[in-house]
Q: 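Can you read through this structure? Questions will come right after.
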Number of protein chains: 2
Amino acid sequence: MIKLNGNTYQFSAEIFFEMFDDRLKLMIIWYLSNGSMRFKELSNYLQPITNKTLSSKLKQLEELHLIKREVFAEVPPRVEYTLSAHGQQLKPVIDEVVAWSQHYAKTFGQTINEE
Amino acid sequence: MIKLNGNTYQFSAEIFFEMFDDRLKLMIIWYLSNGSMRFKELSNYLQPITNKTLSSKLKQLEELHLIKREVFAEVPPRVEYTLSAHGQQLKPVIDEVVAWSQHYAKTFGQTINEE
DNA sequence: ATCATTAGTATATTTTAGTAAACTATAGTA
DNA sequence: TACTATAGTTTACTAAAATATACTAATGAT
């Protein structure tokens, strides 16, 4: 039995399942796994998404200690999002997700314009 | 670019993200990874969950070719759910999820009544 | 003076997912 | 006769999540 933020879990994996209860948060981790990104950049990749939704997801990920938010004192503003140490430790999960997806796509989908 | 069920994806991983856009479907895979289970059994593990929700999630997983549904001609009815080959190939993903979660729980949570 | 840019916030509206509760068929049991 | 069990379905409702749209501050460019 695990206690975390007032919640109790039978199995540790349930923590992951609750964290990534939408497709967006894990996708953001996935995009950030290749380096830092700015708000607008992430937004472009995740289209269609509204500022409000992206903003709230990033805030959640920060509260979960999975990403870091760095503000630069510039105009127009610049904010960079980067994986934290715990976020980076999700890399093996991401790698297996990619491997599985490729296999699945090979079986059920059709690849066009590969490069 | 990948085509699958009328949708197009830039990256194969997006297929996974769309499949597991809720916490329930991957959790079901996780429970089934130790063998087959009946409807009620899954329902008990996933409480609180309604019949309608569980039923729809199982239907989705079946359509995605990730689980198999076996009906036995008995009264009261017996239906067993089992991972398909593609479902079983999610095992490495699950394993990494478990490993990461344990590490995360060790850092931010507190384990009580471990055994 | 006005436009463009970034990283959001604010407000109102719509969509979606999930819930609760009742119901089905079939056979065995009290 | 009524109750139990299983594996759902059906209906009506609600709460949560996402959307569209407009807005802000500060600066440089046109």
Side-chain angles (χ1 to χ4, degrees), chain A residues 5-7 14 16-32 35-64 66-84, chain B residues 5-7 14 16-32 35-64 66-84:
Chain A
N5 301 331
N7 301 323
E14 289 167 11
F16 178 94
F17 295 137
E18 189 170 303
M19 268 185 199
F20 298 105
D21 59 347
D22 54 47
R23 80 184 204 298
L24 283 173
K25 290 206 290 296
L26 195 57
M27 258 184 119
I28 291 171
I29 298 286
W30 177 60
Y31 277 117
L32 292 184
S36 68
M37 276 201 191
R38 301 176 64 175
F39 186 90
K40 191 69 184 302
E41 214 175 342
L42 275 167
S43 174
N44 289 336
Y45 278 115
L46 295 167
Q47 282 307 314
I49 191 175
T50 58
N51 290 349
K52 189 188 172 194
T53 301
L54 179 54
S55 173
S56 106
K57 296 298 171 185
L58 289 169
K59 210 167 281 178
Q60 287 169 41
L61 285 171
E62 209 190 344
E63 280 165 13
L64 294 166
L66 300 184
I67 64 171
K68 281 177 295 181
R69 183 174 177 277
E70 201 178 354
V71 186
F72 295 85
E74 297 177 9
V75 168
R78 179 157 67 101
V79 177
E80 299 224 326
Y81 292 94
T82 317
L83 291 189
S84 72
Chain B
N5 303 330
N7 300 324
E14 289 167 12
F16 177 94
F17 295 137
E18 189 169 304
M19 271 186 194
F20 299 105
D21 59 346
D22 54 48
R23 79 183 206 301
L24 284 173
K25 292 207 290 296
L26 194 57
M27 258 183 120
I28 292 172
I29 298 285
W30 178 58
Y31 277 117
L32 293 183
S36 68
M37 277 200 191
R38 301 175 65 174
F39 186 90
K40 191 68 184 301
E41 213 175 343
L42 274 168
S43 174
N44 289 336
Y45 279 116
L46 295 168
Q47 281 309 312
I49 190 173
T50 59
N51 291 347
K52 188 192 172 192
T53 301
L54 179 54
S55 174
S56 105
K57 297 297 170 184
L58 289 169
K59 210 167 281 177
Q60 287 168 39
L61 286 171
E62 209 189 345
E63 280 165 14
L64 293 167
L66 300 185
I67 64 171
K68 282 178 296 182
R69 182 174 178 278
E70 200 177 354
V71 186
F72 296 84
E74 300 177 9
V75 168
R78 179 157 67 103
V79 179
E80 299 224 326
Y81 293 93
T82 317
L83 291 189
S84 72

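Each chain gets a letter, A, B and so on, in the order the sequences are listed, and its residues count up from 1. Because the structure is a prediction, the values reported are computed rather than measured.
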Q: Could you tell me the separation between the NZ atom of A:K57 and the C1' atom of D:dA17, rounded to a whole number of Å?
A: 7 Å

Q: Over how many whole Å does the gap from A:R23 atom CZ to D:dA17 atom P extend?
A: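 In whole Å, D:dA17 P lies 15 Å from A:R23 CZ.
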
Q: Rounding to a whole Å, what distance do you find between B:L58:CG and D:dT9:C1'?
A: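 Going from CG in B:L58 over to C1' in D:dT9 covers 14 Å.
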
Q: Please classify the nucleic acid contact of B:F72 as base, sugar-phosphate, or nothing, using heavy-atom distances under 4.0 Å.
A: nothing

Q: Is there a donor on the side chain of B:K52 or the base of D:dT10 sitting less than 3.5 Å from an acceptor on the other?
A: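 When only heavy-atom distances are counted, B:K52 does not reach the base of D:dT10 through any donor-acceptor pair under 3.5 Å.
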
Q: If I take atom CD in residue B:E74 and atom C1' in nucleotide C:dT26, what distance separates them, rounded to the nearest angstrom?
A: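 So the CD-C1' distance, B:E74 to C:dT26, works out to 12 Å.
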
Q: Hey, does the side chain of B:S55 come within less than 4.0 Å of D:dT9's phosphate (OP1/OP2), counting only N and O?
A: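 Yes, within the criterion.
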
Q: Which is true for A:T50 with a 4.0 Å heavy-atom rule: it touches a base, it touches only sugar-phosphate, or it touches nothing?
A: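 Base contact.
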
Q: Base, sugar-phosphate or nothing for B:T53? Non-hydrogen atoms, less than 4.0 Å.
A: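 The residue B:T53 makes base contact.
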
Q: Ignoring backbone atoms, establish whether A:S43 has a side-chain N or O less than 4.0 Å from OP1 or OP2 of C:dA7.
A: no

Q: Atom CG of B:L42 and atom P of D:dA7: how far apart are they, to the nearest Å?
A: 10 Å

Q: On DNA chain D, compare the nucleotides closest to A:L24 and B:V79; which residue's is nearer the 5' end?
A: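 The residue closer to the strand's 5' end, by nearest nucleotide, is B:V79.
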
Q: Taking atom P of C:dG18 as reference, at what distance in whole Å does atom CD of A:E18 sit?
A: 14 Å

Q: Taking atom C1' of D:dA7 as reference, at what distance in whole Å does atom CD1 of B:I67 sit?
A: 14 Å

Q: Distance check needed: C:dT26 P versus B:R78 CZ, whole Å only.
A: 19 Å

Q: Take B:R38 and A:P48, find for each the nucleotide of DNA chain D with the closest heavy atom, and name the residue whose nucleotide sits nearer the 5' end.
A: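 Closer to the 5' end of DNA chain D: B:R38.
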
Q: If you find the nucleotide of DNA chain C closest to B:D22 and the one closest to A:E41, which residue's nucleotide is nearer the 5' end?
A: A:E41

